[in-house]
Amino acid sequence: MLVALEVILFAAFSVRDLASDGRASKKTDNPNQNEETFQFQNDTESFQGYPYKAFVGWESPMISSKTLNIDEDLRRVTTNPEPESATKVHFFGGSTMWGHSVSDKNTIPSQFAGLSGKTSINYGEQAYNSRQSLNRLLNNLSDIQSGDTVVFFDGVNDVYHNCLGLNSANGHPREGFIKAALENKSQSTSALWSIIQSSSINRFARGIGQKLDSNSNDKNFSELNRCDEEEYAEDVASFLVDSWAATEAIVQSKGARFVCVLQPNPYTLSSEPFSHNANYETQIHQVYPKIRAKAQSLGCFTDYSALFQEDHYIDHCCHVNAKGNLEIARQFAKDLN
């Protein structure tokens, strides 16, 4: 009987998921999403996960598509002017710098290169926080030459992920998952649990539970969000600022310039964003003021968190459309003269 129920529920969920995907590709409630957004989503459907990489956690695999291309160095392709400039600008950050939901030509590094005429390299990666960017810098330190500029564009990944009790104040977005995978469990037990977790019956049960307790998500967040604790929020902010301080020393030792930027997000707008997540907003207000205060001692620090006068966000995290990336690139072109 359970097998029959699983088959019926699997078929029902499959039909609903297909219908939902079709609706999502045709319309959106967020006016900042456009055809480029939808094309990017289509191009990333072939993504089969992220290969493990020591010290940084993961890197995007090589991919070739209409909007998204990852080269042999596992970096997002950047549209650069010809010939190469005498000095280069090296951009590090998470998915916003990487270029989530925009084409290669509309990433921040590509738009900056077009505005400034300076050769730009995009070291951004999906979900990276400041410490992962520091490690990626170390992996590519020989690329940094005297006279170059290194930019770190950070904030939301350090806050959203390290505030969660699943991780730690000095962890990264997948710390909790890796810990769970390395727990001392037998392979058979782990395999059985994976099957149960992925079953349609379990999905149906979770849905019923959420319907019965409409406040369950808020309760779960309240239990997981350790940045409610003042000391823990301080530790999360220190983790980011300490990463910047270490990077500043390393970059300056190479005779290069370092710029560390606190990135904007929907909850630093002066108005209500189109896409909103109350939990993310809580974390930003708990930690961003502490980052600003601690970073004042750094010569590299620049605060872009209130850069936008209008909403360019395509989701409730931090990702912006091409117009938003252009505004950020223009500010970089002004600041990195």
Side-chain angles (χ1 to χ4, degrees), residues 17-51 57-80 91-115 120-129 132-133 136 153-157 160-161 173-174 263-266 273-277 280 307-308 310-330 332:
D17 291 343
L18 285 172
S20 297
D21 289 344
R23 288 194 299 270
S25 66
K26 293 178 182 178
K27 68 176 184 177
T28 175
D29 293 330
N30 188 327
N32 292 323
Q33 297 183 8
N34 51 38
E35 289 304 315
E36 182 178 55
T37 312
F38 304 135
Q39 182 61 53
F40 181 92
Q41 292 171 354
N42 290 334
D43 290 344
T44 55
E45 286 180 356
S46 61
F47 248 53
Q48 299 298 318
Y50 296 85
W58 57 88
E59 287 183 328
S60 293
M62 286 183 63
I63 188 171
S64 178
S65 69
K66 185 175 181 179
T67 62
L68 170 64
N69 295 279
I70 306 296
D71 64 21
E72 62 276 7
D73 294 317
L74 304 185
R75 300 172 191 156
R76 185 76 185 266
V77 169
T78 300
T79 304
N80 273 306
F91 288 96
F92 291 79
S95 50
T96 301
M97 182 60 71
W98 180 79
H100 188 286
S101 295
V102 298
S103 59
D104 296 335
K105 67 180 181 180
N106 285 326
T107 64
I108 295 169
S110 287
Q111 298 211 56
F112 170 82
L115 291 168
S120 302
I121 303 174
N122 189 346
Y123 297 89
E125 183 55 272
Q126 296 268 55
Y128 269 20
N129 66 22
Q132 290 170 287
S133 290
R136 195 170 204 190
F153 189 76
D154 298 305
V156 298
N157 288 331
Y160 293 162
H161 299 292
R174 295 295 177 265
Q263 73 183 101
N265 61 78
F274 292 116
S275 297
H276 180 267
N277 181 296
Y280 283 172
L307 178 65
F308 294 149
E310 60 179 291
D311 188 347
H312 300 299
Y313 297 100
I314 58 99
D315 57 29
H316 59 240
C317 169
C318 49
H319 306 120
V320 298
N321 57 22
K323 186 178 178 182
N325 281 344
L326 178 59
E327 189 168 337
I328 295 170
R330 282 174 175 159
F332 276 129

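Keep in mind that what you see is a predicted model, and the values were worked out from it rather than measured.
Asp43 is linked by a salt bridge (Lys or Arg N to Asp or Glu O under 4.0 Å) to nothing, counting only residues two or more places apart in sequence or in another chain. Shown here are the salt bridge (Lys or Arg N to Asp or Glu O under 4.0 Å) partners of Lys323, two or more places apart in sequence or in another chain: Glu310.
In this structure a side-chain-to-backbone donor-acceptor pair under 3.5 Å is missing from Tyr280 to Tyr160. Looking only at distances, no side-chain donor or acceptor of Gln39 sits under 3.5 Å from a matching main-chain atom of Ser103. In this structure, Asn157 contributes its side chain and Tyr128 its backbone to a donor-acceptor pair below 3.5 Å.
Checked by atom type, the side-chain pair Asn325/Asn106 shows no donor-acceptor distance below 3.5 Å.
Of the inter-residue distances, the one linking Thr78 atom OG1 with Phe91 atom CZ reads 9.0 Å to the nearest 0.5 angstrom. Atom-to-atom distance recorded for Thr37:OG1 and Gln41:CD is 6.5 Å, nearest 0.5 angstrom. Rounded to the nearest 0.5 Å, atoms CG (Leu68) and CD1 (Ile63) are 5.0 Å apart. Here the CG-OG distance, from Asp71 to Ser64, works out to 11.0 Å after rounding to the nearest 0.5 Å.
Heavy atoms only, all atoms of each residue included: Arg136 and Leu74 are closest at NH2-O, 2.8 Å.
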Which pairs would a plain distance check flag for residues 120-127, meaning a side-chain donor or acceptor within less than 3.5 Å of a matching protein atom at least two apart in sequence or in another chain?
from, atom 1, to, atom 2, distance (Å)
Ser120, OG, Lys118, O, 3.2
Asn122, OD1, Gly124, N, 2.9
Asn122, ND2, Met97, O, 3.2
Asn122, ND2, Trp98, O, 3.3
Tyr123, OH, His90, ND1, 3.2
Glu125, OE1, Ser60, OG, 2.7
Glu125, OE2, Ser60, N, 2.7
Glu125, OE2, Ser60, OG, 3.1
Gln126, NE2, Tyr50, OH, 3.2

